[in-house]
Amino acid sequence: MSGRVPSPLSKKWLLSVNPGTGFHMDERYEPAAVERSAQQCWNGARSFAATEDPSKEKFYCLSMFPYPSGRLHMGHVRNYTIGDVLSRFARMQGRNVLQPMGWDAFGLPAENAAMANGVAPAQWTRDNIAYMKKQLQALGFALDWEREVTTCDPSYYRWNQWLFLRMREQGVAYKRTGVVNWDPIDQTVLANEQVIDGRGWRTGALVEKREIPMYYLNITAYADDLLGDLAMLSGWPERVKVMQANWIGRSEGTEITFPLAEDARSVLRTAGQEVESLKVFTTRADTLFGVSFMAIAAEHPLALAAGTRDPALQEFVDECRRGSTMEADVATMEKKGRRTGLHVLHPLTGKPVEVWVANYVLMGYGEGAVMGVPAHDERDFEFASKNGIDIVTVVRPRDGSWQRVEAPWRASYGELGITVDSGEFSGQESRAAVTAITTALDKKGLGRKRVQFRLRDWGISRQRYWGCPIPLIHCEQCGEVAVPDDQLPVVLPEDLLPDGSGNPLGKTPSFWKVDCPTCGKPARRETDTMDTFVDSSWYFLRYASAANARAMVDEQVKYWLPVDQYIGGIEHAILHLLYSRFWTKVMRDLGLVTVGEPFANLLTQGMVLNHIYSHQPAVGRQVYFNPLDVDEEEQDDVKRWFVIRTDGSRLEVNYDGLGTMSKSKNNGVDPQSLVEKYGADTARLFMMFAAPPEQTLEWSDEGVQGAFRFIRRLWKIVYQHVCAGSAEPLERAMLNTTQKDLRRAAYQALVKVTDDIGRRRTFNTAIAAVMELLNAASRFDDRSPQGRAVAQEALEIAVIGLSPIIPHACHELWKALGHHEAIIDVSWPAVDKEALSQDAHTLVVQVNGKLRGRISVAVDADEATIRSAVLADETVKRFIGDTVPKKIVVVPKKLVNVVV
RNA sequence: GCCGGGAUGGCGGAACUGGUAGACGCGCCGGACUCAAAAUCCGGUUCUGGCGACAGAGUGUGGGUUCGAUUCCCUCUCCCGGCACCA
């Protein structure tokens, strides 16, 4: 960048002072200075501190708060720019805007950093927050920092604890056992991401599964509510609602009881259990006569009991229990099973059915048992084929396209049809058979209609340090005792250093040694902490009452909630959003809030991608290179990529395509360097222009430069306009055609920008519309008084239209255009309908659907006029020749299609 | 594997309700300015054939509906997100 700074005495300098306001404008666009002064103006006026005002329509605009990982990444910049554009736009439209920010400050990365660097998680987290807060401020987001919320502050998490105790009183929170990943060397529980190929990430030890007591939240009790209320969420993307509905997974079916045969019963009796039957759930009771085996989970009591008398089976059970419980792993792994030699009895025929232990049946889902119908279920078919189990056809298709199920599997085998070989239930439609069989089972006391959900209860216990302590005390005498409300919060000690070998809280007697609140005897404090999803399930409520030290939420929540616009990554489409909806409903049922749904409108933004380059050395791990360090060479249409190593040598690297920016792929771009080089406005403009918000966004250095160039060009055009002195007032009646054309272009752009930001949320097309306007304005070379008046109006519209996106530059440009009032306080302009009106417009002419020309017709031309104009057109005549048109399709204001 | 989404010039994308495919930007090519370069400004830029007017083809694949399909329906391929202890 170069360019001369004009001498203070030059004519240009003097003329760049706006005579109306005395404001002088620099010829050069200097983002650092512009951004500093605009931010000072907003901070000085506390422009974004929100106050409840019942007389104004509120707009609660919320972006998902960040995990304080150290520095902002581009995903944050994208997320928060979208929120900021909507907030600033709403503000200019007269809404009372709340846009808060906070920190999702508990979680695993702080513990990992502690182990890597020896810094306490609290210190690391707070340092990160301080740094990232500066970054957010430098980006000029219109945030109300007076409501900042940090989830690792006792003033926040005490309310997690308080509400947990209320849930416990209501039976929403309860205790039972759950399965965790156990690292036998480090003697610690591992998160799924810490288990790599079945081994602990640090020790490499084979991970075991352990059952330990945990606390659960009864989200399944709200399953119907969570599913039903999706219908109310008209402001949510359809795809997110579909994903949530599938996740909840409501299915209506039959619970069927298979009485145990004597062999199974006696084995369980030997193991000390008096069990009479196995229960299964199925949506296909019509296939009950096709049952040829029963599959149970490895953790099932019957499997454990059977294992004690069969070492081979025992080994298989142990193998299954070592395996992953992650759904993706279970679904893709090879289906394996072992027979137990034990039997259950068919509830209608009384015939024995053999019980198998199968690795694809999970104890945590349903009753841990599944009836096997190989003929009509693909998974059962695969299992039966492999293990030589009978395949009994009991349903045939209505169209008679096949008679018997035979390998290979066909999708239609699993479809509804007509029952056969099903005793008295043969010859019925599947649906009718389901009802009839369910009724018959019900009469015998061996079945009933039931609704089953895929959704499971939410386990919130974590055997980790950096989280919110669960406020319970275990007393030998009194059992499990809640910490009394007046002793909350249970404060997490902040000076501990995790070392990877278990939860440090358990090794800190000053934390866990307490007296029982009930009997006063020595007792042990719970050392598990809560899942961090708890913290993020209600932070949006706390922003409304952030300063209240006496209550979790207060009256102000009624004013601000629900959130009018929530913005966040698509990766949160299920868990975070579902938990937040659940938590809100629990709080509603406790009388704490009045809304049942927290987020009225949802925008799920796409990921930020960049190129990935790697090198695989002969020995050792794959190395990733930052795209900034990679040079591209092209020879004979073949591209190759190189990096220069520190010793000066060149290394050829592979191009691995596009992927989300991440540390592991070394393809991140640091927003900080971007802001330092080009300014916040360029970063914001590029993010908004490169793709619509819901799509993935590809990083492009050239695109960033283009964004910067555009702002500089806008600056220059305004500068040149301002240098010519202040404009005359506009006289609408005195305009010539060119002047009218620019006015029309300006108002067309305004209409487009208003709709694109306000309704469509496609900021890229809004920006494109302003670019077009600016192209028109720079071609417009009319120095007459009215020409300058029209130019002034067009530039004002361009600056206002861009101001939510590049607020700093527009702040300055608005003053340069002669205004005293700050642009953030300007009302969004209304459209001048007169400026949009036209006498004639262009119709596209097609012959047989192919474009053949254009005609210009009067706006009020009727269809007959249009037809004759089209048939008189030379090109049309050439294409239709002497033939008489079969049909002429006229689409008003758009096109005419002549069919011959 | 299951659920959800995506695919349009050299590149990012536009085309909103079935009606001009490629707005806007990037890159590239040519020109102006300059001693020169950068910056800036002006023009061109889907592909194929043609000096040109123009013609033909074209929205991941294959098919269908329609006067007309990037848009609706069916089929297949590839890529991305989620799958319950990463956040």
Side-chain angles (χ1 to χ4, degrees), chain A residues 1-3 64 66-67 69 104 106-109 112 178 180-181 189-195 237-240 242-247 249 325-333 360 364 378-379 455-464 531-533 536 569-576 578-579 604 606-607 609 657-660 686 689-692 694-707 709-710 712-713 716 755-756 759-760 762 764-765 767-772 775 778 842-846 848-851 854 886-889 891 894-900:
Chain A
M1 278 181 282
S2 70
M64 289 182 184
Y67 178 80
S69 54
D104 189 12
F106 276 136
L108 208 48
N112 295 340
V180 294
N181 303 309
V189 174
L190 299 178
N192 284 338
E193 71 160 5
Q194 297 173 319
V195 179
E238 207 54 41
R239 61 169 160 155
V240 175
V242 171
M243 279 193 256
Q244 292 222 346
N246 288 335
W247 185 261
T325 50
M326 287 170 69
E327 190 185 299
D329 295 335
V330 173
T332 48
M333 72 192 173
Y360 63 88
E378 185 171 8
R379 201 168 50 175
L455 181 69
R456 311 200 292 255
D457 274 349
W458 175 14
I460 59 156
S461 293
R462 296 290 180 270
Q463 297 69 42
R464 273 186 250 298
D531 179 7
T532 55
F533 273 122
S536 55
I570 181 69
E571 68 274 19
H572 296 290
I574 296 176
L575 292 181
H576 162 62
L578 193 69
Y579 291 149
T604 48
M607 308 256 179
L609 310 181
L658 285 165
T660 54
F686 169 70
F689 184 61
E694 309 241 57
Q695 281 181 35
T696 55
L697 182 148
E698 287 179 30
W699 187 258
S700 154
D701 287 311
E702 291 81 11
V704 172
Q705 283 166 33
R709 252 196 320 258
F710 172 73
R712 204 158 53 182
R713 181 156 173 259
K716 201 169 91 182
D755 189 51
D756 284 353
R759 178 182 65 88
R760 298 179 66 210
T762 52
N764 55 331
T765 51
I767 294 163
V770 179
M771 287 173 166
E772 275 186 272
N775 289 343
S778 68
T842 306
L843 285 186
V844 162
V845 180
Q846 296 182 336
N848 286 339
K850 290 201 173 189
L851 177 70
R854 292 180 172 80
K886 270 191 225 159
K887 192 171 166 184
I888 299 177
V889 184
V891 183
K894 290 235 162 103
L895 104 179
V896 181
N897 188 12
V898 183
V899 185
V900 291

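Naming convention: chains lettered A, B, ... in sequence-line order (proteins, then strands); numbering from 1 in each chain.
Under the 90° criterion around 0 for the glycosidic angle, B:G9 counts as syn.
Contact annotation for A:Val898: no contact, since no heavy-atom pair falls under 4.0 Å across all strands. In this structure, A:Phe533 reaches the bases: a heavy-atom distance under 4.0 Å links it to at least one base atom across the strands shown. Residue-level contact check: A:Thr762 touches neither bases nor backbone, having no heavy atom under 4.0 Å from any strand.
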Check nucleotides 8-12 of chain B against the protein and report each pair of N or O atoms closer than 3.5 Å, with its distance, or say if there are none.
residue, atom, partner, partner atom, Å
B:G12, O2', A:Ala690, O, 2.7

Show me the protein contacts with nucleotides 64-75 of chain B, counting only N or O atoms at under 3.5 Å.
residue, atom, partner, partner atom, Å
B:C67, O2, A:Asn897, ND2, 2.5

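Ring geometry for A:Phe686 against A:Trp699 counts as perpendicular: the plane angle is over 60°, on a 0 to 90° scale with 30° as the lower cut.
Taking only side-chain nitrogens and oxygens, A:Asn112 never comes nearer than 4.0 Å to OP1 or OP2 of B:C86. Contact check, A:Arg713 against B:C41: a side-chain N or O comes under 4.0 Å of OP1 or OP2. Taking only side-chain nitrogens and oxygens, A:Arg709 never comes nearer than 4.0 Å to OP1 or OP2 of B:C41.
Nucleotide B:C33 is matched to nothing when pairs are restricted to Watson-Crick or G-U wobble geometry with both distances under 3.5 angstrom. Both distances falling under 3.5 Å, in either a Watson-Crick or a G-U wobble arrangement, place B:A57 opposite B:U46. Figure legend. B:G18 is base-paired to no nucleotide; pairs are counted as Watson-Crick or G-U wobble with both atom distances under 3.5 Å. In this structure, B:U77 forms a base pair with B:A7, meeting either the Watson-Crick or the G-U wobble geometry with both donor-acceptor distances under 3.5 Å. Summarising the base pairing, B:G1 is matched to B:C83 through a Watson-Crick or G-U wobble pair whose two defining distances lie under 3.5 Å.
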Check against side-chain contact (heavy atoms from CB on, under 4.5 Å), A:Asn112 and A:Gln194: CA-CA 11 Å; A:Asn112 295 340; A:Gln194 297 173 319; 4.0 Å; yes

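Looking at A:Thr765 and A:Asp756, their side chains do bring a donor and an acceptor atom within 3.5 Å of each other.
Atoms CE and CD, on A:Met243 and A:Glu238 in that order, are 11.0 Å from each other to the nearest 0.5 Å.
Among the nucleotides B:G25, B:U20, B:C16, the one closest to the side chain of A:Leu895 is B:U20. Considering only the side chain of A:Met326, B:A84 comes nearest among B:C3, B:C86, B:A84. Distances were taken from every side-chain heavy atom of A:Asn764 (C-beta onward) to each of B:A14, B:A84, B:U20; the shortest belongs to B:A14. Residue A:Tyr579 has its side chain nearest to B:A84 when only B:C3, B:A84, B:A87 are considered. Residue A:Met243 places its side chain closer to B:C3 than to any other of B:A57, B:C86, B:C3. Closest contact between the side chain of A:Thr332 and the listed nucleotides B:G1, B:A14, B:U40 involves B:G1. Here the side chain of A:Thr765 is nearest to one of B:A15, B:G19, B:A87, namely B:A15.
The two residues A:Ala573 and A:Gln244 make their nearest non-hydrogen contact at O-NE2, 3.0 Å.
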